[in-house]
2 protein chains.
Amino acid sequence: MGIQERKVREKEHRREEILDAAQKIFFEKGLVAATMDEIAEQAELSKGTLYLYYRSKEDLYLAIFMRGQEVLYELFRRVIEAGGPVPRVLARLGDAYIEYFERYRSYFRMMRFFETPEFHRQVSTEMRDACDVVNQRIWDLVIGFLRRGIEEGLLRRSLDPVEIAVIFWSSATSLMIRADAEEHEWHSRMGIDLSSTLRRSNTLFLESVLTGEGKAEVRDLLLPS
Amino acid sequence: MGIQERKVREKEHRREEILDAAQKIFFEKGLVAATMDEIAEQAELSKGTLYLYYRSKEDLYLAIFMRGQEVLYELFRRVIEAGGPVPRVLARLGDAYIEYFERYRSYFRMMRFFETPEFHRQVSTEMRDACDVVNQRIWDLVIGFLRRGIEEGLLRRSLDPVEIAVIFWSSATSLMIRADAEEHEWHSRMGIDLSSTLRRSNTLFLESVLTGEGKAEVRDLLLPS
DNA sequence: GTATTCACTGACTCGTAGTCATTCATTTAT
DNA sequence: ATAAATGAATGACTACGAGTCAGTGAATAC
C-alpha cells in the first residue's frame, strides 16, 4: 500500500517544485511579463505539465500569493500574542504591516492583482476558496483583537471592529502600492516621502480610533495637535 | 488656405470619434477584455487607422481616463468655489469624490490601471505627460485649499497639506475600489456595507485632521467618541 | 491631364495561454 | 516472465489579439 502514498507525496512535491519555479519567475517579471513557457523551463518540465497541476497562470499566481498571506498571518499573530496594552499592540500591527511591505515586497506586490476583477475571473473557484480561507484567518485574528480593544474601552465604542480593520488595511495598502511604484515620482513632483506619509497615516488613524483613555496609553506615539 | 485648416479640424474630429468608440467598448468590457478590432468596428474604421491616431491600446485608454479627470476636477472646483468654512468644504470634497465614484463609475474604474506599473510601461511619454498635467491641476486645487485651512488654524499645523491630500485620496480610493468590485462579498463574509464604511472612513479622517477650533465648525458631522 | 499627398485599409507577423493526441515508464494481472 | 493498464509528461498545435506595413484610391497641387 506504500506505493499509493509515495505517489501522492511525489505529486505534492512536484506541485511545490512548480510553485518554486513560478515564484522565481513571477517575482522577477511580474504576472503579465512572466510566461508559462519560462516557468516550465525553470521547473524543467513542459508547459503541458504545469496545466496538470494548476488550472491557469492565475491559479499559479494565486497559489504563491497564499504563501505570502501565511507570512503576513505569522507577523500579525506574533505581535498580538506578544500582548501588551491594546493601543500599543495596534500601533505594532501597523508596523508589522509595514515590515511585510518592506521585507516581503514581492509577496506584497501580488496583492495588486488580488484586487482586480479581471484577475479573479481567470481564477478557478477551488483556488479562490482556498485563498479566502487563508485570508479570513487574518481578518478574524485582527478583528478579534480589535473587538477586545472596544470591550476594554480603549477603542471608541461607536466604531465597528470590522470597519476599523477594513479602513486601516485599505488606507495602508493603498499608500504602500503608491510608495512601491511611484515613490520617486511623488518625491520629485509633490515633494513628499511616501514612506513617511504611510507612517503618518497610520498614526492619524490610530489617534482617530482611540478613546481618551486609549490615547493616554500611547501619548508618546501621537502627533501634536 | 482653408484646406489646411479643414484637414486639421477633420483630424481632430476623427480623434474624438475614435475616443468615443473606444470609450463605449472600454466601458462595456474593461481594458483587458476590449479588443482593438472591436473598437475599430465601433468607430467604423480599420484597426490600422486607430494606430494612426493613438500609439497603443493603453494610450487610447489613458486618453479616456483624462476625460474622467476633467470631470473630477470640475466637481472639486465647484465645491471649493462655492466656499464656506474650511472643515465643511473638506467634508463636501469627500462627498464630491463619492459622487464621482457613484455617478461616473466607469471613469472611476479606469484609475485602477493608472496605478499599475505594467500599464504605465505601455503608455507613450507624450500621453503620460499630458495626463500628469491634468492630474496635477487636481492636486494643486485641493492642496491649495488645504494649505489655506492650515493657515486659518482649522487644520492641524503639524500636518503637511500634501500629505493630507494623499492620505485622504488613497484611503478613499482604496475603499471605493473594494466597494465597486467586492461590495457583495464583503457584506456576506464580513457583514459590513462598504458604502457606509467609506463614509465613516471619510468622517474619521476629517476628525483626525481638524484642530479643536475646526471640529467646533462641523460638530454635527462627527461621530460620538 | 498628370503627379503628389495622405488618410485609410486589412492581411500579415509575432507572442503567448491553453489543449490534446501521443509517448514512455511504472505498476498490476496472469 | 510477459502482457495489459495506468497515468505522468510531452510538445506541436490552436486560438486570439496587439501591432505593422505595403498597397489603394481619392483629394489636391501643378
Side-chain angles (χ1 to χ4, degrees), chain A residues 1-19 21-22 25-26 28-64 113 116 118-124 126-127, chain B residues 1-19 21-22 25-26 28-63 113 118-124 126-127:
Chain A
M1 287 294 102
I3 289 170
Q4 297 298 324
E5 286 149 19
R6 195 202 70 213
K7 287 214 165 173
V8 170
R9 251 197 341 269
E10 279 175 356
K11 219 166 168 178
E12 272 165 16
H13 185 239
R14 184 51 43 99
R15 249 182 98 89
E16 286 301 308
E17 281 179 336
I18 291 174
L19 220 51
I25 303 297
F26 280 139
E28 276 171 31
K29 313 212 167 182
L31 173 63
V32 178
T35 72
M36 291 302 269
D37 284 299
E38 273 177 301
I39 293 170
E41 199 189 332
Q42 176 70 37
E44 296 177 311
L45 287 168
S46 73
K47 182 160 62 161
T49 306
L50 301 186
Y51 285 91
L52 295 176
Y53 291 85
Y54 295 93
R55 290 245 193 116
S56 67
K57 190 184 180 184
E58 285 74 16
D59 261 37
L60 201 40
Y61 198 77
L62 209 52
I64 298 162
F113 292 98
T116 68
E118 282 85 0
F119 178 81
H120 272 129
R121 250 174 264 135
Q122 303 293 325
V123 171
S124 68
E126 297 90 67
M127 192 56 82
Chain B
M1 286 295 104
I3 288 171
Q4 297 299 322
E5 288 149 19
R6 196 202 70 213
K7 287 211 166 173
V8 170
R9 250 196 342 269
E10 280 174 356
K11 221 167 168 177
E12 273 164 16
H13 185 239
R14 184 51 46 99
R15 247 181 100 88
E16 286 300 308
E17 281 179 336
I18 290 174
L19 221 51
I25 302 297
F26 280 138
E28 276 171 29
K29 314 216 168 180
L31 172 63
V32 179
T35 71
M36 291 300 271
D37 286 297
E38 273 177 300
I39 293 170
E41 199 189 332
Q42 176 69 37
E44 296 177 312
L45 288 168
S46 75
K47 182 159 62 158
T49 306
L50 301 187
Y51 285 92
L52 296 176
Y53 290 86
Y54 295 92
R55 291 246 193 115
S56 67
K57 191 184 180 184
E58 285 74 17
D59 262 36
L60 200 40
Y61 197 77
L62 210 52
F113 292 97
E118 282 85 2
F119 178 81
H120 270 129
R121 249 174 266 133
Q122 303 294 325
V123 172
S124 68
E126 298 88 69
M127 192 56 82

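Chain letters run A, B, ... following the sequence lines, proteins first, then strands; residues in each count from 1.
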Whole angstrom is fine here: how far is it from CG in A:Asp37 over to P in D:dT10?
13 Å
Which part of the nucleic acid, if any, lies within contact of B:Thr49, taking any heavy atom under 4.0 Å across all strands shown: a base, the sugar-phosphate backbone alone, or nothing?
base
Contact class for A:Tyr53 (heavy atom, under 4.0 Å): base, sugar-phosphate, or nothing?
sugar-phosphate
Is it true that atom CD of A:Glu28 has more than 12 heavy atoms of other residues, nucleotides or ligands lying nearer than 6.0 Å?
yes
Parallel, tilted or perpendicular, as decided by the 30° and 60° cut-offs, for the rings of B:Phe119 and B:Phe113
tilted
Within the supplied structure, the quantity of interest is the number of heavy atoms (other residues, nucleotides, ligands) at a distance under 6.0 Å from B:Glu44 CD; does it exceed 12?
no
Go through it in stages, so that I can follow the logic: the residues are A:Leu60 and A:Met127, the test is side chain to side chain contact (heavy atoms under 4.5 Å, CB included), and I'd like the CA-CA distance, side-chain angles, deciding distance and then a yes or no.
CA-CA 9 Å; A:Leu60 201 40; A:Met127 192 56 82; over 6 Å; no
What is the nucleic acid contact for B:Ala33, judged by heavy atoms within less than 4.0 Å: base, sugar-phosphate only, or nothing?
nothing
Could you work out which one of D:dG19, D:dT10, C:dC8 sits closest to the side chain of B:Arg14?
C:dC8
Considering only C:dC8, D:dT10, D:dA18, which nucleotide approaches the side chain of A:Leu52 most closely?
D:dT10
Figure out the NZ/P separation between B:Lys47 and D:dG17, and round it to whole Å.
9 Å
Whole-Å gap separating C1' (C:dG10) and CG (B:Leu50)
12 Å
Atom pair distance, as rounded to whole Å: CZ in A:Arg55 and P in C:dC20:
14 Å
Rounded to whole Å, please give me the gap between CZ in A:Arg15 and C1' in D:dA9.
17 Å
Between C:dG15 atom C1' and A:Lys29 atom NZ, what is the distance in whole Å?
13 Å
So A:Leu45, base contact, sugar-phosphate only, or nothing? Heavy-atom distance under 4.0 Å.
sugar-phosphate
With no angle test and no hydrogens, is the base of D:dA8 tied to the side chain of A:Lys11 by a donor-acceptor pair under 3.5 Å?
no
Can you tell me how far P of C:dA11 sits from OH of B:Tyr51, to the nearest Å?
17 Å
Let me know the distance between CD of B:Glu58 and C1' of D:dG17, rounded to the nearest Å.
12 Å
So, does B:Lys57 use its side chain to make a donor-acceptor pair with the main chain of B:Leu31 at under 3.5 Å?
yes
